[in-house]
Amino acid sequence: MVTDNYEHSQIEAKWRDRWEREKVFEVETDPERRKYYVLEMFPYPSGDPHMGHVKNYVIGDVVARFFMRQGFQVLHPMGFDSFGLPAENAAIQHGIHPSVWTHEKISRMREVLKHLGISYDWRREVITCEPEYYRFTQWLFLQLYHNDLAYKREGNVNWCPSCATVLANEQVVDGMCERCGSEVTKKTLNQWYFRITQYAESLLEDMNMLGKWPERVLTMQRNWIGKSEGAQIQFFVPVLNRSITVFTTRPDTIFGATFFLLAPEHPLVDEIIAGTSYEKKVRSFRKRISRKSEIERITEGGEVEGMYIGKEAVNPLTGESIPIWIADYIIYEYGTGAVMAVPAHDERDCRFAKRFNLPIREVIKSHDEEKTEECFAGEGIMINSGQYNGLPSSKGKKSIISFLEQRGLGKSSVSYRLRDWLISRQRYWGAPIPIIYCDSCGEIPVPENDLPVLLPQEVDFSPGGPSPLARSESFTHISCPVCGGRAIRETDTMDTFVCSSWYFLRYCSPWTEDKPFHRADVDYWMPVDQYIGGVEHAILHLMYARFFTKVLYDLDFVGFREPFTNLFAQGMVNKDGAKMSKSRGNTVSPREIVESFGVDTVRVFILFAGPPELDMEWSERGVEGAYRFLNRFWRAIMQIVDLEVHDVFTDEKRLMELERDMHRTIAKVDRDIRERFHFNTAISAIMESLNQLNDYFRVLNEKGSSAEERSFLIRYARSLVSLFNPIAPHISEELWERLGGEELLAQHPWPSFDREKMIEDQVELVIQINGKVRSRISVTRGASEDHVLEASLRDEKVCNWLDGKQIAKKIFVPDKLLNIVVK
RNA sequence: GCGAGAGUGGCGGAACAGGCAGACGCGCUGGAUUUAGGAUCCAGUGGCUUCAAGCCGUGCGGGUUCAAAUCCCGCCUCUCGCACCA
């Protein structure tokens with residue numbers, strides 16, 4: 001029973017049920033209709049959603065509801081990214097099985113989310129830890145495997161001792177584990193990788209075909225991929241009787257190469273020092289370096305370390321012999337792991353040369369004569385470079401590369417900072433990697449028909465030792481699918497980012513059983529038109545998802561190369577100036593706030609606090625303010641619903657003003673939502689209209705209202721309620737019904753406006769004297785300069801300012817201002 | 001260090017293409033209503049100035065312009081990202 005007061009809980013429950021009963025948000029593939037796909041990053045089910053989630057979903061819901069009312073079929077799904085460590089830690093600490101823990105959390109979270117009344121098609125829910133889903137995560141792994149995009153190799157990897165697993169490069173932040181904050185160490189392990197580096201160029205290139213993405217996200221991805229163009233050059237090493245290739249972006253500085261550097265772990269180092277007195281020293285040097293954590297490297301002020309390893313390399317241009325050193329700042333995985341050191345023009349080489357007293361030879365002169373820095377890394381004119389003297393660096397680069405190319409000693413080359421994606425995790429709660437090792441057949445992919453490789457239920461979660469899967473006899477020991485002989489399963493599971501790299505495809509086709517998705521579904525719905533989430537995923541998730549999409553495109557499973565046309569990165573919700581977190585104890589529970597104020601209040605507060613891309617501050621007063629506004633809104637509309645008609649005159653002038661205001665408000669709200677995502681100004685426009693309305697009520701209270709006024713006000717109220725609907729869907733649906741709306745507002749067409757009706761006949765025009773506002777006059781729209789000048793000369797204030805002055809100049813902006821410049 | 005972004009009342013924030021700075025809201029002040037509080041309604045609310053008139057005012061300093069929060073140059077502060085990537 002809904003009373004005449006604004007009873008948020010009754011109203012919200014009523015419409016939530018109604019939308020569900022009438023399947024308002026359920027959509028089907030239908031190529032006849034225009035589609036729009038709105039997606040919010042799905043959550044890890046940690047329990048109750050927090051305010052950051054709510055903000056995310058509310059933004060998405062406004063967009064979804066807005067487009068729905070534009071006549072689009074809107075796909076707006078929700079699911080759970082439900083593999084991951086917290087579930088496993090719960091098992092270790094409280095003895096609850098990860099599956100049980102996760103499903104409990106999901107139910108709880110789903111309940112709260114449903115309570116928010118967001119326009120999800122819940123039938124399409126995706127849960128990544130269900131075999132029905134991870135079966136296809138494994139299937140996708142196999143596609144990558146068959147196309148040489150998934151491979152296993154030994155490598156020096158990031159290890160988080162606290163999580164007892166390896167981490168991808170992307171998951172190490174300032175030398176700390178992105179998840180738990182412990183210091184990351186290095187370990188040499190045999191691990192599975194995805195060959196994302198093969199897609200470095202298209203990940204970079206295809207950024208051009210994206211729609212609206214935040215510039216900073218693109219920049220971050222660009223930096224992460226880190227493309228640099230240069231050359232590979234061969235330096236002959238007499239002791240090996242062959243060449244070592246270096247990568248450099250500055251072939252024009254080759255005459256300044258005074259020593260040669262190798263990464264300490266470079267395998268050629270061993271060949272060079274074999275049987276020499278350096279063997280022992282190098283071994284202990286390597287040991288010392290590997291103990292040095294990333295943190296120490298950064299905090300020690302960049303003290304470089306290295307040592308001479310006893311042999312020489314030959315500069316292919318000068319024929320000069322230069323000593324070979326190893327240095328800790330040379331990264332084996334980048335470029336070729338070997339560098340020609342040019343201390344005069346590279347800061348790091350310079351530091352190294354100074355520390356170990358190596359010669360520094362200047363070969364580039366700055367264009368700017370004044371500049372005589374010790375280490376000049378810019379472009380300039382070549383000197384001390386034989387026949388190349390006098391050439392600018394850019395030309396020199398090209399000539400040197402072509403000289404080397406002709407002699408087969410080098411070529412132009414591109415390097416990327418991006419590394420292959422390490423996907424193995426030594427943990428239980430993830431999708432098992434579908435690989436089998438047979439004593440006689442070797443490494444065998446699990447046949448597609450045998451998928452999913454199910455996680456065993458009964459495993460030992462006690463901490464320490466190998467991962468729970470490795471300890472499970474029944475899981476590990478199987479017979480080879482090829483020869484039937486003895487075999488063991490891979491016991492690593494996949495990084496959860498693999499699961500989230502394709503979930504947006506599954507939403508399109510969630511009921512498909514024999515494959516991850518139907519092509520027709522995906523072709524209809526994809527790409528996601530608007531993706532919304534936190535900027536913290538700017539690199540990791542967004543790049544992995546882009547990578548997966550590109551692989552699927554190349555393998556002809558999908559017909560598009562980019563998954564997300566537009567991306568919106570929302571700001572955080574803070575409290576007391578800091579990020580809300582359990583450890584700080586400054587969290588606000590959405591569940592409780594919704595209980596006392598209602599969903600619509602929370603939505604209005606969040607959206608009104610500022611533009612959504614900015615961080616916002618949670619404020620109790622702000623919530624109350626939003627609540628008060630909803631009450632004010634309710635009362636005003638109800639006053640119109642209950643308006644009695646009297647036999648009185650109509651205030652035509654006020655009515656016209658209101659009419660104009662109505663069209664302006666529609667135009668503003670429409671634009672603010674559609675083009676700018678600035679819901680705060682959309683709400684303030686609605687508030688202004690409401691204030692207009694209240695002013696008018698005062699007139700009506702005095703004189704009573706005519707039938708004409710009542711019918712106009714109903715129309716006005718309807719458009720206001722209609723505009724408010726994507727922002728506060730429950731209250732607006734209720735008021736819509738009370739105003740006589742027959743169909744659901746959620747399915748009612750979005751209001752349109754008439755530009756003609758927005759125009760005023762009288763405009764207020766600003767009169768400036770010497771650029772300062774001195775007066776305002778009211779003139780008819782489109783008044784001429786002469787007319788305005790004449791009118792302003794009759795204005796007392798203007799006359800005072802002009803008294804005894806000469807008019808030197810006039811600037812006239814029609815319907816806006818007249819600036820009179822006097823001497 | 002490199003790169004990107006941002007600095008506007010007591011606060012969150014408006015000002016779409018150089019043209020009325022401070023919309024809208026919060027807070028605060030006064031008033032009405034009320035037994036009282038809350039809620040509600042009305043009025044006010046950038047600073048200086050005794051009122052009026054006026055002057056100053058968008059981080060700081062300069063510039064362009066009839067006119068600058070907005071454009072240009074220099075500086076300061078903050079936030080974020082990258083940080084031995086040859």
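By convention in this document, chain letters (A, B, ...) are assigned in the order of the sequence lines, proteins followed by strands, and residues within each chain are numbered from 1. Just so you know, these numbers use all the heavy atoms, side chains as well, and skip hydrogens, waters and symmetry mates.
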In whole Å, what is the span from the [atom1] atom of [X] to the [atom2] atom of [N]?
| X | N | atom1 | atom2 | value |
| --- | --- | --- | --- | --- |
| Phe260(A) | A86(B) | CZ | C1' | 12 Å |
| Ile767(A) | C66(B) | CD1 | P | 19 Å |
| Arg774(A) | G54(B) | CZ | P | 6 Å |
| Lys668(A) | A14(B) | NZ | P | 10 Å |
| Gln639(A) | C41(B) | CD | C1' | 12 Å |
| Asn680(A) | C26(B) | CG | P | 15 Å |

Ring centre gap for [X] and [Y] strictly below 6.0 Å:
| X | Y | value |
| --- | --- | --- |
| Phe352(A) | Phe259(A) | yes |
| Phe633(A) | Tyr6(A) | no |
| Phe66(A) | Phe677(A) | no |

Could you please name the partner base of [N], counting Watson-Crick and G-U wobble pairs only when both distances are under 3.5 Å?
| N | value |
| --- | --- |
| U45(B) | G27(B) |
| G5(B) | C78(B) |
| G57(B) | none |
| A39(B) | none |

Original post:
Do any N or O atoms from the side chain of Ser385(A) and from the backbone of Met382(A) form a donor-acceptor pair under 3.5 angstrom?
Top reply: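 A pair under 3.5 Å: no.
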Original post:
Under the 3.5 Å rule, do the base of C11(B) and the side chain of Arg621(A) count as making a donor-acceptor pair?
Top reply: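 A donor-acceptor contact between them is absent.
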**OP:** Examine the base of C66(B) for any acceptor or donor lying under 3.5 Å from a partner atom in the side chain of Asn819(A), and report the outcome as yes or no.
**Re:**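 Result: at least one qualifying N/O pair found.
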Subject >> Listed nucleotide nearest any side-chain atom of Val766(A), set C24(B), C84(B), C20(B) >> reply: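 Among C24(B), C84(B), C20(B), the one nearest the side chain of Val766(A) is C20(B).
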Heavy atoms only, 4.0 Å cut-off, all strands: where does [X] land among base, sugar-phosphate and nothing?
| X | value |
| --- | --- |
| Val339(A) | base |
| Val773(A) | sugar-phosphate |
| Glu675(A) | nothing |
| Asn691(A) | sugar-phosphate |

